Participant: 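Attaching a single structure in structure tokens format; questions to follow.
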Amino acid sequence: MSTDRRYEHFINGEFVPPSSGEYFESTNPATLDVLYRAARGNAADVERAVAAAAAAFENPAWRDLSQTKRGHLLRRLGDLVGEHADELARMESEDNGKLLREMRAQLAAMPEYYYYYAGLADKIQGDTIPGSSRAMLNYTLREPLGVVGAITPWNSPLTLTTSKLAPALATGNTIVIKPSEYTSATVLRLAALADEAGFPPGVINVVTGFGAEAGAALVENRRLAKISFTGSTATGARIASSTASRFIGSTLELGGKSPNIVFADADIANASMGVVAGIFAAAGQTCIAGSRVFAHKSVYDELLERVANRARSIVIGDPLLDATELGPLAFADQRDKVASYVDLGVSEGATVLTGGGRPNTGLNGYFFEPTVLTGVDNSMRVVREEIFGPVAAIMPFETEDEVLALANDTSYGLAAGIWTTNLSRAHRMASRLEAGTIWVNTYRTMSPQSPREGFKTSGVGVEHGIESIREYTRLKSVWINTDESPLADPFIMRS
Ligand code: NAI
Ligand code: MG
């Protein structure tokens, strides 16, 4: 199928064509139909967007807007996202192959993120600081940074953009977003909704295009005050060295290889559902995927059987259908990467208990079977590296100390799941696991209120929660001398 649908950059409140005149295709990974062409952004387009954002940052219509009114705009944007939930859910499902059901659930939760930050907007404040001298009034101002660059991936474009956009705006910044080249459409639609909500032109800008072109140009733009990035650890490392050399901040939400641990005392039916949720939901294309499953040896066989049986019965196919449980991987390279990891696992000595190949769906798309690997251990690349697909590595363990050491023996530290009915063990493990999010008897639970941080190579900085406000503000300390008597000895430090 061909299409005439075109998307342009969104800069200064308008859709504008790319300066190169070039567009690139985005396909539906379930059908391989071309959905639309999006503007291929380059450094000139990025410069134009950053200039618009820099001007908007100084525009009194934004700079002098009361914090409460900033909150009103965010609340209005949340309303509009809710009103357009069906449209947005379908657009994103077609673009990245995520289940429409899952997208509807994400969209149902999304307004809450805008409402949460709308509520926070007028509670962002400094402190008055006591000092040793009563004459000195010292207070802090929490100020916006300026132009924030946001670079987002394809696996949950709207949700992951929202995690950056809402706090960046609540704190009074302006933003230039570079969405993934695989999923440009919904972020552009979101920007248009923000315009409709009444944000002044230039406050929110979107430049579409490739990572090495538009993405790299955004990272290198000298007027940026900060980069907020979600994506692979490799790209995150490149961004971090660039921002570090210019002494600007970055918030990085990167990869994972999260352990999902099933103890002997767990409710095994629930735990096996939790394992399935951890690795087969969203076809495993989530940073928080529970890709390393550890099961106590006394329940290992039962858990394996339950998970493998469920994996074999997963309904694979058209993500738009309500009955579908597993859609395609988002693009050809991603499917090939997942397939080659399974081959690698086998060459390392793993057994493919179920899955491992391309299912017969009657569709052309980049489908891959839900796969369970056994006979694996922490020395294998298939257990150490992020696959970002529906591939679970399941391993037995004997003692709590042993599984703790195994779970923590990873370069990543994004999330961990624990399945147990022993309260003391749950708290003990939660305290000793090296991961920013710990789930006990649940998996993939999140809310705008709850801060999340990636430990180790899983990231830097916090998203969500009140803590995320710090990521988008800087602190100024103001000293006022309220004593009018002449300044004493100028050669000593004052307090
Ligand atoms: P990526 O990290 O390269 O892409 C994410 C975003 O960064 C996209 O918008 C991309 O255009 C941009 N980007 C890429 N190179 C850039 C550069 N040099 N400068 C600035 N921006 C750049 O991830 P990609 O290529 O989409 O997927 C590769 C692998 O990364 C996946 O197979 C998966 O393993 C992992 N990944 C992990 C994610 C997570 O949330 N943990 C999300 C997406 C990908
Ligand atoms: Mg696409």
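Side-chain atoms are counted along with the backbone in the values below, which use heavy atoms only and exclude waters and symmetry mates. Just follow the structure's listing: the first ligand is 1, and inside any ligand the first atom is 1. Quick caveat: nothing in here was measured; it's all calculated off a predicted structure.
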Participant: Looking at Arg40 and Glu181, does any basic side-chain N land under 4.0 Å from a carboxylate oxygen?
Facilitator: no
Participant: In terms of atom number and element, which parts of ligand 1 are under 4.0 angstrom from non-hydrogen atoms of Gly255?
Facilitator: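 Contacts of ligand 1 toward Gly255, numbered from 1: 41 (N).
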Participant: Closer than 2.8 Å to the Mg ion (ligand 2): does that hold for any N, O or S atom in Glu94?
Facilitator: no
Participant: Going by the closest heavy atom to atom 33 (C) of ligand 1, which one wins out of Phe331, Tyr182, Phe388?
Facilitator: Phe388
Participant: Can you check whether Glu181 has an N/O within less than 3.5 Å of an N/O in ligand 1?
Facilitator: yes
Participant: Does any N or O atom in Ile239 lie less than 3.5 angstrom from one in ligand 1, N or O only?
Facilitator: no
Participant: Does atom 25 (O) of ligand 1 have any protein heavy atom closer than 4.0 Å?
Facilitator: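 No, because not a single protein heavy atom sits under 4.0 Å from atom 25 (O) of ligand 1.
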Participant: Do any of the N, O or S atoms of Asn96 sit under 2.8 Å from the Mg ion (ligand 2)?
Facilitator: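 Not a single backbone or side-chain N, O or S atom of Asn96 is under 2.8 Å from the Mg ion (ligand 2).
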Participant: Report yes or no: is the cationic atom of Arg6 (NZ for Lys, CZ for Arg) under 6.0 Å from the centre of the six-membered ring of Tyr23, at an angle within 45° of the ring normal?
Facilitator: yes
Participant: Output the list of atoms in ligand 1 that are nearer than 4.0 Å to some heavy atom of Glu386, sorted by atom number.
Facilitator: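 It comes down to these atoms of ligand 1: 34 (O), 35 (C), 37 (C), 41 (N).
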Participant: Any salt bridge between Arg246 and Glu220, counting N to O under 4.0 Å?
Facilitator: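 Salt bridge between Arg246 and Glu220, a charged N being under 4.0 Å from a carboxylate O: no.
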Participant: Quick check: does Lys178 get an N/O under 3.5 Å from an N/O on ligand 1?
Facilitator: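 Right, the criterion is met.
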Participant: Is there side-chain contact between Ile387 and Ser291, with heavy atoms separated by less than 4.5 Å?
Facilitator: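 Contact flag for Ile387/Ser291 side chains = no.
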Participant: State whether Tyr472 and Arg470 meet the cation-pi test: NZ (Lys) or CZ (Arg) under 6.0 Å from the six-membered ring centroid, and within 45° of the perpendicular axis.
Facilitator: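 The answer is no; the distance or angle limit is not met.
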Participant: Under 6.0 Å between ring centres, would you say that holds for Tyr182 and Phe331?
Facilitator: yes
Participant: Counting only heavy atoms not in Arg358 (residues, nucleotides, ligands), do more than 12 fall under 6.0 Å from its CZ?
Facilitator: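 Counting other residues, nucleotides and ligands, CZ of Arg358 stays at 12 neighbours or fewer.
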Participant: Would Gly211 count as a polar contact of ligand 1, with the cut-off being nitrogen or oxygen pairs under 3.5 Å?
Facilitator: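 Right, the criterion is met.
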Participant: Ring centroid separation for Tyr113 and His464, is it under 6.0 angstrom?
Facilitator: yes
Participant: Return yes if some donor-acceptor pair links the side-chain N/O of Tyr443 with the main-chain N/O of Ile288 below 3.5 Å, else return no.
Facilitator: yes
Participant: Would you say the side-chain atoms of Trp419 pair up with the backbone N or O of Thr442, donor to acceptor, closer than 3.5 Å?
Facilitator: no
Participant: Go through ligand 1 atom by atom and flag the ones less than 4.0 Å from a non-hydrogen atom of Pro153.
Facilitator: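 By the 4.0 Å cutoff, the relevant atoms are 42 (C), 43 (C).
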Participant: Mind reading off the angle at the Mg ion (ligand 2) between the O atom of Asp95 and the O atom of Thr27, rounded to 10°?
Facilitator: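 Here the angle at the metal atom is close to 90°, to 10°.
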Participant: May I ask you to list the atoms of ligand 1 that are less than 4.0 angstrom from any heavy atom of Val219?
Facilitator: 20 (C)
Participant: For Ala216, counting its heavy atoms only, list the atoms of ligand 1 lying under 4.0 Å from any of them.
Facilitator: 19 (N), 20 (C)
Participant: If we count only non-hydrogen protein atoms and require a distance under 4.0 Å, does atom 28 (C) of ligand 1 qualify as touching the protein?
Facilitator: no
Participant: Could you give me the CA-CA distance, side-chain angles and deciding distance for Val276 and Ile279, then say whether side chain to side chain contact (heavy atoms under 4.5 Å, CB included) is met?
Facilitator: CA-CA 6 Å; Val276 168; Ile279 191 64; over 6 Å; no
Participant: Among all protein heavy atoms in this structure, tell me which lies nearest to atom 18 (N) of ligand 1, with the distance rounded to 0.1 Å.
Facilitator: Arg238 NH1, 3.3 Å
Participant: Pick, from Ile387, Thr233, Thr208, Ile151, the option with the minimum heavy-atom distance to atom 12 (C) of ligand 1.
Facilitator: Ile151
Participant: Tell me: protein heavy atom nearest atom 40 (O) of ligand 1, and distance?
Facilitator: Cys287 CB, 3.1 Å
Participant: Between Trp154, Phe229, Phe210, which one has a non-hydrogen atom sitting closest to atom 5 (C) of ligand 1?
Facilitator: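 Among Trp154, Phe229, Phe210, the closest heavy atom to atom 5 (C) of ligand 1 comes from Phe229.
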Participant: Which of the atoms of ligand 1 are close to Gly215, meaning less than 4.0 Å from one of its heavy atoms?
Facilitator: 19 (N), 20 (C), 21 (N)
Participant: With atom 3 (O) of ligand 1 as the reference point, say which of Ile177, Thr235, Leu254 has the nearest heavy atom.
Facilitator: Thr235
Participant: Indicate yes or no: does an N/O atom of Lys337 lie under 3.5 Å from an N/O atom of ligand 1?
Facilitator: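 Between Lys337 and ligand 1 (N or O atoms, distance only) the closest approach is under 3.5 Å.
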Participant: Between Phe24 and Phe210, is the gap from one ring center to the other below 6.0 Å?
Facilitator: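 Distance test on ring centres: under 6.0 Å, yes.
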Participant: Give a yes or no answer on whether the side chain of Ser458 reaches the backbone of Leu414 with a donor-acceptor pair at less than 3.5 Å.
Facilitator: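 A pair under 3.5 Å: yes.
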Participant: Just do the salt bridge (charged side-chain N to carboxylate O under 4.0 Å, His left out) check on Glu325 and Arg310 with the steps written out, would you?
Facilitator: CA-CA 11 Å; Glu325 296 175 321; Arg310 190 66 186 87; 2.6 Å; yes
Participant: Evaluate the side-chain proximity of Val376 to Leu373: yes if any heavy-atom separation is below 4.5 Å, no if none is.
Facilitator: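 They are in side-chain contact.
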Participant: Considering only heavy atoms of Gln334, which atoms of ligand 1 have at least one such atom less than 4.0 Å away?
Facilitator: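 Near Gln334, meaning under 4.0 Å from one of its heavy atoms, ligand 1 has 31 (C), 32 (O).
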Participant: Counting backbone and side-chain atoms alike, does Tyr182 have an N/O/S atom under 2.8 Å from the Mg ion (ligand 2)?
Facilitator: yes
Participant: Determine whether the side chain, the backbone, both or neither of Pro179 has a heavy atom under 4.0 Å from any heavy atom of ligand 1.
Facilitator: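 Near ligand 1, Pro179 shows its backbone, while the atoms from C-beta on stay back.
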Participant: Counting only heavy atoms closer than 4.0 Å, does ligand 1 sit against the backbone of Thr152, its side chain, both, or neither?
Facilitator: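 Backbone only.
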Participant: Quick check against the 3.5 Å criterion: does Ser340 have a side-chain atom that pairs as donor or acceptor with the backbone of Lys337?
Facilitator: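 The answer is yes, because a donor-acceptor pair under 3.5 Å joins these two groups.
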Participant: Can you tell me the protein heavy atom closest to atom 30 (O) of ligand 1 and the distance?
Facilitator: Ser232 CB, 3.0 Å
